[in-house]
Number of protein chains: 2
Amino acid sequence: MHQTWNQHIIKKENKTIVLETIINRTPISRAAIAQQTGLNKSTVSSLVQELLGEKIIEESGPGESSGGRRPVMLLFNQSAGFSIAIDLRVHDILGVLTDLEGNIVHEQRVLIETTNFNQVMKRLMEVIDTLIKAAPTSPYGIVGIGIGVPGVISNEGEILLAPNLGWKRIDLKAHMEQHYHLPVVIENEANAGAYGEKVFGFEEAVDHMIYASIGAGIGVGLILDNKLYKGMQGFSGELGHMTIEKDGIPCRCGNKGCWERYASEQALIKQAYEAKLIDQNTNDPLHVLIDLANSGDETAIALFNTIGTYIGIGLTNCINIFNPRMIVIGNQMAKAEKWIRPAMEHMIEEHAIGFHQEQLNVQFSSLNMYSTVYGMSAFTMEQFLQERPLLE
Amino acid sequence: MHQTWNQHIIKKENKTIVLETIINRTPISRAAIAQQTGLNKSTVSSLVQELLGEKIIEESGPGESSGGRRPVMLLFNQSAGFSIAIDLRVHDILGVLTDLEGNIVHEQRVLIETTNFNQVMKRLMEVIDTLIKAAPTSPYGIVGIGIGVPGVISNEGEILLAPNLGWKRIDLKAHMEQHYHLPVVIENEANAGAYGEKVFGFEEAVDHMIYASIGAGIGVGLILDNKLYKGMQGFSGELGHMTIEKDGIPCRCGNKGCWERYASEQALIKQAYEAKLIDQNTNDPLHVLIDLANSGDETAIALFNTIGTYIGIGLTNCINIFNPRMIVIGNQMAKAEKWIRPAMEHMIEEHAIGFHQEQLNVQFSSLNMYSTVYGMSAFTMEQFLQERPLLE
DNA sequence: AAACTTTGTTTATTGACTAGACAAACTAAG
DNA sequence: CTTAGTTTGTCTAGTCAATAAACAAAGTTT
């Protein structure tokens with residue numbers, strides 16, 4: 001049963017609406033806010049007064065007159081606080097400090113040689129400490145820390161399993177909150193990537209979007225009805241383990257014919273190895289293969305075509321299942337866009353239901369391996385703006 | 001941008017909350033409503049007064065005292081209005097008249113010999129007219145007509161394509177609204193079935209549920225985050241056209257290896273024909289095959305095992321993708337539960353991700369081919385209760 | 001310079017909820 | 001059987017947040 005309504009809640013909700021209007025349309029006048037929201041201009045005036053007092057917005061110079069008195073323009077104060085966002089990957093850690101609009105103010109990337117928990121934690125905290133030190137002085141300071149992880153995260157933010165890190169049942173959230181005394185959000189990297197694409201990836205709002213994170217495995221973030229869909233336990237999006245070939249290649253998950261056995265970076269590398277394009281000591285095999293393809297190596301091109309076709313099969317399923325407005329491919333395999341795209345698009349065009357393709361946009365991520373940190377930043381920022389604790 | 005809040009909307013929303021509380025916990029006292037909702041007891045008293053005036057609730061006899069004055073118990077007036085719900089299928093039309101709680105008050109089922117639009121419309125309107133005549137006198141009368149259709153329905157309720165009926169681009173909603181001057185809802189039969197299962201199918205509330213309608217083809221209704229998920233254009237849920245065998249059996253949708261080519265009633269019948277268990281003139285082949293299996297025919301049992309396995313492959317994908325709380329199998333193939341279940345459950349247990357199975361419940365529909373009409377009834381009832389137009 | 005327009009502030013009003021008082025109707029204890 | 005206490009429901013006064021309208025400030029247009 002949802003909450004009942006009273007004057008106090010109304011005021012809080014209306015104030016949030018005014019703030020969101022200022023964020024989305026900054027700079028904007030009180031009069032325009034009243035027009036935009038339908039609230040009475042004296043209501044807007046008093047709510048804006050409070051937001052000014054909270055230092056979450058500011059008045060800028062006068063705007064242009066539309067025939068009468070010049071308006072006073074209001075701005076969102078993106079430097080009122082800062083957010084720390086981390087993408088914890090198998091081989092490295094990417095950390096960014098962003099303002100309250102997601103602008104990256106500082107960043108650090110460190111390699112990790114081992115997935116040993118204690119070692120990784122040490123490096124992780126070093127990155128976070130560096131970012132905390134880099135944060136400018138601001139009214140609210142660091143409003144939260146978000147950490148994207150390649151694994152299964154429960155609704156409570158506990159890492160249940162991160163197979164590529166070799167981690168099981170780790171309460172990273174509690175550990176970090178106890179250390180830093182800040183709100184901490186832990187999320188699956190594909191879910192975070194989907195959210196990052198949704199908030200920062202496009203010019204227009206997208207209500208239904210599928211983000212395919214194609215790296216070592218395949219994880220999918222689902223933005224459905226304008227929300228990140230997580231399922232009953234927070235475990236949704238395991239499309240990497242969707243069967244595309246019954247009785248096919250066995251997978252470590254126990255199933256057979258899983259999409260990620262055919263269409264991931266790992267699948268590509270395995271086939272390249274068997275085609276003797278690379279050997280076990282090849283460093284950064286994906287780039288080696290991209291370079292070979294760029295140089296006209298037909299075997300490498302054929303391998304990318306095959307992978308592109310398999311990516312297309314799984315995305316065709318996504319299109320038929322979700323009827324999305326947008327599909328975004330991200331993570332490592334997006335680097336091979338040039339060689340994957342033709343076969344992938346051909347598979348989709350030929351096989352996805354015609355109706356579903358009418359307004360669909362399939363693209364590779366424009367956020368260049370930053371999707372996940374953008375998503376984690378958005379999570380902590382939005383949590384802060386929704387709750388807006390009292391100014392210290 | 002969502003609406004702003006004011007006094008008028010507060011009262012309306014709180015009144016709706018009070019009404020929903022009465023519906024869900026009937027009979028209930030004012031004092032208990034206040035306790036349940038957190039609203040002040042005088043607020044509840046005045047809102048209840050209005051609902052009594054609208055004849056949507058009633059006072060019943062006194063309740064039991066808990067130590068002081070006896071309470072006056074309030075009841076939802078399920079006979080305040082009635083809803084008409086139709087399941088328009090390829091071979092027949094099922095129509096029901098329900099009260100505002102979904103209780104079936106009257107029903108009619110007619111066979112249709114042709115899918116010719118004009119003929120079907122004639123029969124459809126006959127059924128609706130019969131149900132309208134059967135409706136008791138009530139304050140609000142017929143509050144709406146809901147029609148479930150096997151096809152692609154746009155967000156505006158237009159039938160874009162119903163391949164099994166041979167229909168294209170039919171604005172059934174406008175046609176029916178013009179004729180009956182009542183609100184009309186048109187929805188895909190699998191979506192309606194999912195909603196019917198959600199509202200009427202279980203003892204406890206279910207936020208994430210997958211309804212697999214396995215008939216001539218396979219349609220899937222998705223209840224995600226407590227809502228029916230429809231996608232950008234209203235076309236989601238085409239899991240019948242999810243590839244489970246790359247380069248597999250060609251499908252009329254243009255893809256290959258679609259789930260419904262392997263796991264539908266049509267797939268079963270095709271295999272039974274090839275196994276010479278039935279011929280082209282066999283009437284009601286599904287029941288013939290069930291009877292053969294019941295009599296110990298091993299070929300028939302083997303066919304059901306095969307179909308059960310294929311159903312399990314697709315449901316395994318659903319489990320991995322959506323992480324649902326419940327999966328319900330409905331429509332024609334649910335009649336073969338006994339022979340499908342063992343192989344289906346085995347496939348799921350062996351192949352779905354272990355985490356996802358922890359709290360999952362997979363079951364066959366208990367609504368016995370009524371899922372779709374129950375869903376359509378729920379749509380029109382809820383639309384009415386949300387809007388509650390003035391009493392005539 | 002005067003009239004009009006637009007933006008923003010101030011004041012009075014309105015309506016819905018809440019707090020508390022009161023009434024009605026019960027149960028329990030003496 | 002009477003009195004005290006409890007619970008439910010109604011009534012009244014108060015509070016708060018939004019709105020309507022008046023007013024002020026600052027511009028543009030005639």
Side-chain angles (χ1 to χ4, degrees), chain A residues 1-19 21-22 25-54 57-75, chain B residues 1-19 21-22 25-54 57-75:
Chain A
M1 190 71 65
H2 36 77
Q3 71 182 357
T4 53
W5 301 93
N6 61 35
Q7 319 276 50
H8 178 68
I9 293 170
I10 286 168
K11 179 172 180 177
K12 185 175 184 297
E13 294 292 325
N14 279 338
K15 200 199 252 187
T16 298
I17 289 169
V18 167
L19 177 56
T21 303
I22 295 171
R25 299 167 178 269
T26 215
I28 187 170
S29 68
R30 292 166 176 80
I33 294 170
Q35 194 171 40
Q36 188 70 45
T37 62
L39 283 167
N40 191 273
K41 61 184 179 174
S42 42
T43 305
V44 172
S45 189
S46 75
L47 295 173
V48 161
Q49 203 59 44
E50 292 196 14
L51 292 171
L52 287 167
E54 294 168 22
I57 65 174
E58 322 175 294
E59 285 182 340
S60 77
E64 286 183 23
S65 168
S66 66
R69 178 178 161 177
R70 274 197 174 90
V72 176
M73 306 312 280
L74 301 164
L75 300 172
Chain B
M1 191 70 65
H2 36 76
Q3 73 181 355
T4 53
W5 300 92
N6 61 36
Q7 319 277 46
H8 179 70
I9 294 171
I10 288 169
K11 180 171 179 174
K12 184 175 184 297
E13 292 293 324
N14 280 337
K15 200 200 253 186
T16 298
I17 288 169
V18 168
L19 177 57
T21 305
I22 295 171
R25 299 168 178 269
T26 214
I28 188 171
S29 67
R30 291 165 177 79
I33 293 170
Q35 193 171 42
Q36 189 71 44
T37 63
L39 283 167
N40 192 271
K41 61 184 181 178
S42 41
T43 306
V44 173
S45 189
S46 75
L47 294 174
V48 161
Q49 202 58 44
E50 292 196 14
L51 292 170
L52 286 167
E54 292 171 21
I57 64 173
E58 319 174 296
E59 285 181 341
S60 76
E64 285 184 25
S65 168
S66 65
R69 178 177 163 178
R70 272 197 175 87
V72 176
M73 307 311 282
L74 302 164
L75 301 172

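Below, chains carry the letters A, B, ... as their sequence lines are ordered, and counting in each starts from 1.
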### Query
How would you label the contact of V72(A) with the nucleic acid (heavy atoms, under 4.0 Å): base, sugar-phosphate, or nothing?
sugar-phosphate
#### Entry: Heavy-atom donor-acceptor pair, R69(A) side-chain to dT6(C) base, under 3.5 Å
no
### Query
For atom CD of Q35(B), is the number of surrounding heavy atoms from other residues, nucleotides or ligands below 6.0 Å larger than 12?
no
### Message
Could you tell me how far apart K12(B) (NZ) and dA18(D) (P) are, to the nearest whole angstrom?
### Response
20 Å
### Rounded distance (Å) that lies between atom P of dC16(D) and atom CD of Q7(A)
10 Å
### Query
Is the closest side-chain heavy-atom distance between L74(B) and T26(B) below 4.5 Å?
no
### Message
Strictly below 4.0 Å: does R30(B) bring a side-chain N or O up to OP1 or OP2 of dT10(D)?
### Response
yes
### Message
Under 4.0 Å from OP1 or OP2 of dA18(D): is there any side-chain N or O of T4(B) that close?
### Response
no
### Task
With the side chain counted from C-beta on, respond yes when R30(B) and E59(B) share a heavy-atom pair under 4.5 Å apart, and no when they do not.
yes
### Task
Please check the phosphate of dT10(D) (OP1 and OP2 only) for any side-chain N or O of S46(B) closer than 4.0 Å.
no
### Message
For a 4.5 angstrom cut-off between non-hydrogen side-chain atoms, does W5(A) reach I17(B)?
### Response
yes
### Summary
Against the side chain of P71(B), the closest entry in dG9(D), dT7(C), dT7(D) is dG9(D)
### Query
With a 3.5 Å cut-off and just heavy-atom distances, do the side chain of S42(B) and the base of dA19(C) make a donor-acceptor pair?
yes
### Message
Once you apply a heavy-atom cut-off of 4.0 Å, does T43(A) come out as touching a base, just sugar-phosphate, or nothing?
### Response
base
### Message
Is there a side-chain contact between I33(A) and L39(A) in this structure, where contact means two heavy atoms from C-beta onward sitting under 4.5 Å apart?
### Response
no
### Task
Can you tell me the distance, in whole Å, between the CG atom of N40(A) and the C1' atom of dT11(C)?
13 Å
### Task
Please state how far atom NE2 in H8(A) lies from atom P in dG15(C), giving the value in whole angstrom units.
24 Å
### Message
Both G68(A) and A31(A) contact DNA chain C. Taking the nearest nucleotide for each, which residue is further toward the 5' end?
### Response
G68(A)
### Query
K41(B) near the nucleic acid: base, sugar-phosphate alone, or nothing, with a heavy-atom cut-off under 4.0 Å?
base
### Query
Whole-Å distance between dT10(D) C1' and L47(B) CG?
14 Å
### Task
In whole angstrom, give the distance that lies between atom CD1 of I9(A) and atom P of dC16(D).
15 Å
### Query
Within the pair N14(B) and dC17(C), is there a side-chain N or O less than 4.0 Å away from OP1 or OP2?
yes
### Euclidean distance, atom NZ of residue K15(B) to atom P of dG15(C) [Å, nearest integer]
15 Å
### Interatomic distance where CG belongs to N6(A) and P belongs to dA19(C) [whole Å]
10 Å
